[in-house]
Amino acid sequence: MKGPQDSATVARVQVSFRLNGVSFRKRVPVDWTLLRYLREGLGYYGTKCGCEIGDCGACTVLYDGVALNACLILAPQVDGVDIWTIEGVAPQGERGLHPVQQAFVERGAVHCGFCTPGFVMSTIALFLETRNPSRQEIKEALAGNLCRCTGYIQILDAVKTAASRLRDRDLKKFVSRRR
Amino acid sequence: MPAPRKKRTAFAAIGTSVPNVDAVDKVTGRAKYGADHDRKGQLYGRVKYSEHPHALILSIDVSRAVNLSGVRAVLTHADIPGENSFGTAVPHQVVLCSEKVRYLGDVVAIVAADSEEIAAKAVESITVKYKILPVVSDPVEALSPRSPAVHAGGNLCVHQKVRKGDVGTGFSQSEVVLEREYATQKVEHAYMEPEAVLAEPGENGGITVTGSVQNLYSIRRGLARVLALPLGRVRVRQATLGGSFGGKDEAMTALCCRAALLALKTGRPVKMVNTRENSMRESYKRHPYRMKYKVGADRRGFLKAMEITIHADAGAYAAMSPFVTWRSTVQATGPYVVPNVRTDVYAAYTNNCYTSAMRGFGSPQVCFGSESLMDELAEKLGMDPLEVRLKNTLRGRSTTATGQKLNHTVSVGEALLNVTKKGRFLKTRASNRKHNERSHPKKGVGISCSYRGVSLGAEGVDAAGVTVSLQTDGSVVASSGLVDMGQGAATTISLMVAEELGVTVDRIRFLGADTSRLPDSGPTVASRTSFMAGQAARRACKEIVERIRPVASEVLGCPVDSLLFRNNWVSHSTERTRRGPGSRKAGRGRAGRKRLRLGELASLCFARGVSLFAHGWYRAPATSWDERTGQGDAYFTFVYGANLAEVEVDTETGTVRVTRFVSSHDVGRVLNLNGARGQVYGGVAMGLGYALFEEYAEQDGRPSLENFDEYLLPTVSDVPETEIVFIENPDRLGPYGAKSLGEPACEIAAPAIANAVCDALGMRVRELPLTLERVRLGRGLSRKEKRGSAGP
Amino acid sequence: MIDVTTYIRPGSLEEALDVLASGEFTPLAGGTDLIPHARGRGPRKMLDLSGLSLDRVTRTASSIEVGACATHSELCRDAVVTKALPLLSKAAALVGTKQVRNRGTLGGNVVNASPCADTVPALLNHDAVAVLVSKDARRKVPVEAFITGPYATCIGPNELLTSIVCEPLEKPTFVSFLKLGRRQAVNISRMSLAVCLMMDGKGSIKGARVSAGAVFPVARRMREVERLLAGESPSKRLFAEAGALAAQLMVKESGVRWSTPYKRPVLAALLERALAEAASGNFGEQ
């Protein structure tokens, strides 16, 4: 417990969390959102800022295994949490794209790309819930991610393609140890 | 959807389906957008917005802001070294207001500080004294002599006209005359990425601006003008662009200038990133139109005359209004043969958020007008909507409303037949009628079609450049003055380079645009990029090939004209050409050389001092325009398309669900199937939002929403299954026959949906968007009930 | 930018109530309403409830207690809630986006007290009672009384909403929940209706519960409509009468507003539809 005595007057709070499989111990500003902290505090720019009110989904991250908007979380709230961002999905880049990323690339689901990291994270979160989502389940999982370029059709194609290729080990690391 | 497949054509790369060349960077989070650029020691810039839609500035007091700890600069109009305004059409758009504010997105002062928080505090501490002026928010009222004047010269921004034949005669020959009023709303581009720029003072006393910009060169001109710097010292670089749709064009000059002013003043990098709220408040929108249509036809359904009067709300500044409204005049009649036409489009200044370019550029509004009108005319004539359209559509050698004789394959009829065949239009219509008699929700089906001029047309100078640099390993670096903003230009241009040089797309690196590297290629607008940059790229490639061919001919011992460049190899054309990378070994093992790798050839050329770099420049064919009559060859070529929408309408609540969509477009030639499909799907979704949800509502110059909680974009659950039928009538002018697609795909989606909804309702709604209220009641409701419902 | 100066995450309810006793702190649950609010001049001192284990669902003999920090996703998933409080899980499933349902909580939805809050009409039909705890006291307030106006409740600055106690419905009860929005998904409710029809053995309506959101300044039960329905046999005419009565009530209570020409007929039609849907028993029969 961070009691009123030790934190009521300071603008930073000590937290421990895991980010993309790596443990961090940091003092984070209490008036920053997780989104801002990822980008400005840690230099993880892959998580995008589109509306800051939880309506566009560009900042979607995996948070203890579920999709959340990083703009709606205060940085100090991450204590003890397991977080995955787009940077952790395929750290080796081109040679080792995750099947979800690969499908997005192949199916033409990436246009301007600003919404793409959020869509990828929402898609992975969906697969953590169900490996064979119905069209309706896909839509429910992705309705919180806005895209202005693609009209979503190629994104739906990509999710279906990814579902058909997914193996257990593609999801293993994202499974939160807390759940 | 069928899996992407390679089509059988004479081409190696063109017409294939390739992933976007920048997709891997984007899908891994590596792509750097405007807001992802940070510099050590950077400051954070913030603007002080106007507090009133219309007011005189009496005084600006920045003294408290200046004294705040951590504030590095506070600037007002007095600190601008050059001109305090910019604008290609009318150079009156203000960077920092001095005498008056004209809308709520006007800026009176800017601050640079060590943190965003300090900058925000400083902005709050600036006090501006105003004398409030009466607000004009209605474009028709704005043109009355009693209206408050937004600009000194009066509120008429532009009057565009078309005069063809004599409408009086036309109407007297008509047996059916209809008069209708239609209205469209103001909408926001809603690119997912809010505007962001980083300005860095340069070593040479100049400035480098990196950010989310669509049209680098016009911004550079604006920066040079405002900062009083020579163009050569102003460098604008495009960061990966998170969508634009026309929304980050010249007007980004304002944000770039503000960041640059602060950077030059402080000598430090200054970053300015808009929140979504700022973006909504300040950035321009799509013009709302109020349209009066009068149409005359004979009893057989042939059009005799059309008289069209349109009032567009330009908002506080001209921006691209003169060009946007000009395109409207050309397209206002729809793709029909109309012997007598009289069109007047007035754009008026108001104290609303200003309006300018947005995907479609003056066409989505008139497409809604003309396509609603055709349905109403069909009903009046007792015909079906397809019949009345097919009777009147433009054909080869037809003359357009602006007097242009079409000398290419005109395929609007073909597109209409495609969508109505695939959508079983007449059958569906008939079975819907039966269904609607007894069942709920009601079903409807609607169609729409359009013709659209390619590129800028008589709007202005139309030319573009591309550089291609063949590397000594056979890879290629290409860059273009026209930019990728998510629409896939980098991929399309790469495909054309691949085709011409015989390299595979993965060997091409396409660089982001940078004004210091490339010549001014005009704006990336008007669906002109594939066409213009494509032709320029081909020229550059051909130049390189011309230079390296003699060397290849010498090495391979075959005539120059029998050389074949394909799959990163150069060979004698009688050799079998279908050799992939796998056959490399075989090639190397031969004694007499019949083929060589392009990389080898490039190395040989380099060793002999042959230039491997070329700049291709393409100037569009001539167009002509007589401003007095609105007649001329408006565009050098046109594209044609048709859409079909099926909907279910809950008539008790007004809820609309689009259940199916069919889209057919003549693109000349499909360059990248993946990309072409994406343009159509995206265009349909944007049109769906325009038809059903989106409206940037303002009351007396004050917006009633500021973010995506209330500005509703279509979600994945709202978009229908969409079928696409591409028509390929190669254009003699286009690269490989290609024309354009980005905007055509968007402009007729909303009218098809609206026609389908009205079909289901058995009632015409003449205003967009088709909100719950309009669909349920046939009229819109607004909190003040001020804006009257158009039509009877 | 978020205007927060202080953040505390207590590990026990006692500690939390001690902090709240100062009256200066705002409880932070999912934050899906609170954090956007904090971007302006919102609350500055945040008391994070995530360490208090207030997300449990407990079933007792006569009632079901839902922890205030249960997320909407949990309400959709939880076996007890989906079975015994079907209106609540259906309402929770229609809240915002997946991301927001994963984070936003039942307690937050109730305390925020938006007139269009999705879970409130469902809770009213389940006779829900808010459990409010402070350092020195504990009280129970029916949710209907708890919400006092648009975005206003009777919660004290030192009080915490810890749980909401719901009554399961007697059998057989037929229910339906309808939400009207502009899009196919992710909507701020234009109107929501929760309906329960308790049936007797002979096919008549023994009793009814009907609640509406985004119709009145505060979501509420429409007891006038419930009385009309009680003792009658389900029929199209009865349901149409009920719809008409609801529309009358709305105009009487909310006055004629800009949206009335739309909402009046639509409320009537939608309630008729909700009643018919419930009576047909195709949703959530228990």
Side-chain angles (χ1 to χ4, degrees), chain A residues 31 36 39-40 43-56 58 85-87 89-91 93-94 97-98 100-102 104-120 136 138-157, chain B residues 1 4 17 19-20 22-33 35-38 117 189-194 240-245 273 275-277 484-488 672-675 677-678 680-686 688-689 707-709 713-719 721-722:
Chain A
D31 58 347
R36 185 171 175 189
R39 292 174 55 84
E40 293 177 33
Y44 284 77
Y45 290 106
T47 307
K48 303 300 180 198
C49 175
C51 74
E52 296 178 83
I53 59 167
D55 270 293
C56 80
T85 66
I86 192 69
E87 287 90 351
V89 173
E94 203 134 359
L97 287 183
H98 187 272
V100 171
Q101 292 171 315
Q102 185 65 35
F104 269 68
V105 171
E106 282 174 25
R107 305 312 300 252
V110 183
H111 288 204
C112 90
F114 198 77
C115 69
T116 306
F119 269 100
V120 169
Q136 187 53 33
I138 297 174
K139 287 185 172 184
E140 275 170 23
L142 301 184
N145 292 77
L146 295 176
C147 170
R148 190 59 153 170
C149 301
T150 63
Y152 303 104
I153 308 280
Q154 288 159 313
I155 292 174
L156 289 170
D157 289 343
Chain B
M1 195 190 77
S17 218
N20 277 348
D22 47 9
V24 171
D25 275 345
K26 288 171 173 177
V27 84
T28 50
R30 291 196 305 241
K32 290 193 97 179
Y33 297 79
D36 303 340
H37 290 267
D38 276 321
E117 284 76 8
H189 306 79
Y191 26 75
M192 284 297 112
E193 176 208 26
T240 301
L241 196 50
S244 184
F245 315 106
V273 182
T275 59
R276 180 61 60 184
E277 287 84 358
D484 196 305
M485 43 202 179
Q487 88 281 38
N672 173 14
L673 194 54
N674 237 345
R677 282 193 188 125
V680 175
Y681 295 139
V684 169
M686 194 176 272
L688 186 146
N707 208 323
F708 292 141
D709 52 343
L713 299 179
T715 72
V716 68
S717 298
D718 295 292
V719 297
E721 299 289 332
T722 301

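Chain A is the first sequence line, chain B the second, and so forth, proteins listed ahead of strands; every chain is numbered from 1.
Using a 4.5 Å cut-off on side-chain heavy atoms (C-beta onward), Thr28(B) and Ile86(A) make no contact. The side-chain heavy atoms of Ile53(A) and Arg276(B), taken from C-beta on, include no pair separated by under 4.5 Å. Considering only heavy atoms from C-beta on, Met192(B) stays 4.5 Å or farther from Cys49(A) through its side chain. Gln101(A) is not listed as a side-chain neighbour of Val24(B), based on a closest heavy-atom distance of 4.5 Å or more. Residues Val27(B) and Leu97(A) form a side-chain contact, since some pair of their non-hydrogen atoms from C-beta on lies under 4.5 Å apart. Residues Phe245(B) and Cys149(A) meet the side-chain proximity criterion, which asks for heavy atoms closer than 4.5 Å.
Residue contact with chain B, scored on non-hydrogen atoms closer than 4.5 Å, involves the backbone and the side chain of Val105(A) alike. Residue Leu156(A) touches chain B through its side chain alone, counting heavy-atom pairs closer than 4.5 Å. Residue Val684(B): no heavy atom, backbone or side chain, is found under 4.5 Å from chain A. Heavy atoms closer than 4.5 Å to chain A are found in the backbone of Ala31(B), but not in its side chain. Of the two parts of Asp31(A), only the side chain, counted from C-beta on, holds a non-hydrogen atom closer than 4.5 Å to a non-hydrogen atom of chain B. With a 4.5 angstrom heavy-atom cutoff, Met686(B) touches chain A via backbone and side-chain atoms both. Neither the backbone nor the side chain of Gln487(B) comes within less than 4.5 Å of any heavy atom of chain A. With a threshold of 4.5 angstrom between heavy atoms, Gln136(A) does not approach chain B through any atom at all.
When every heavy atom of Gly678(B) is checked against every heavy atom of Gln154(A), the shortest pair comes out as CA-OE1, 3.1 Å. The heavy-atom pair separating Tyr33(B) from Phe114(A) by the smallest distance is OH-N, 3.3 Å. The shortest heavy-atom contact between Tyr152(A) and Val719(B) is CD1-CG1, 3.7 Å. Counting all heavy atoms, side chain and backbone alike, Gly50(A) lies closest to Phe708(B) at O-CE1, 4.2 Å.
By number of non-hydrogen pairs under 4.5 angstrom with chain A, the leading residue of Ala190(B), Ala685(B), Gly675(B), Gly243(B) is Ala190(B). Counting heavy-atom pairs closer than 4.5 Å to chain A, the top-ranked of the candidates Met485(B), Lys32(B), Glu117(B) is Glu117(B). For the options Gly108(A), Cys51(A), Pro117(A), heavy-atom pairs under 4.5 Å to chain B are most numerous at Cys51(A). When each of Thr85(A), Val120(A), Leu146(A) is checked for heavy-atom pairs under 4.5 Å with chain B, Leu146(A) comes out on top. With chain A as the partner, the residue from Asp36(B), Asn20(B), Asp38(B) showing the most heavy-atom pairs under 4.5 Å is Asp36(B). Counting heavy-atom pairs closer than 4.5 Å to chain B, the top residue among Val100(A), Ile155(A), Leu142(A), Asp55(A) is Asp55(A). For the options Gly113(A), Gly43(A), Cys147(A), Gly46(A), heavy-atom pairs under 4.5 Å to chain B are most numerous at Gly113(A). Taking Gly144(A), Ala143(A), Cys115(A), Cys112(A) one by one and counting their heavy-atom pairs under 4.5 Å with chain B, the maximum is reached by Cys112(A).
A distance of 7.0 Å separates CD of Glu52(A) from CD of Glu277(B), quoted to the nearest 0.5 Å. Rounding to the nearest 0.5 Å gives a distance of 12.0 Å between CZ of Arg148(A) and OG of Ser244(B).
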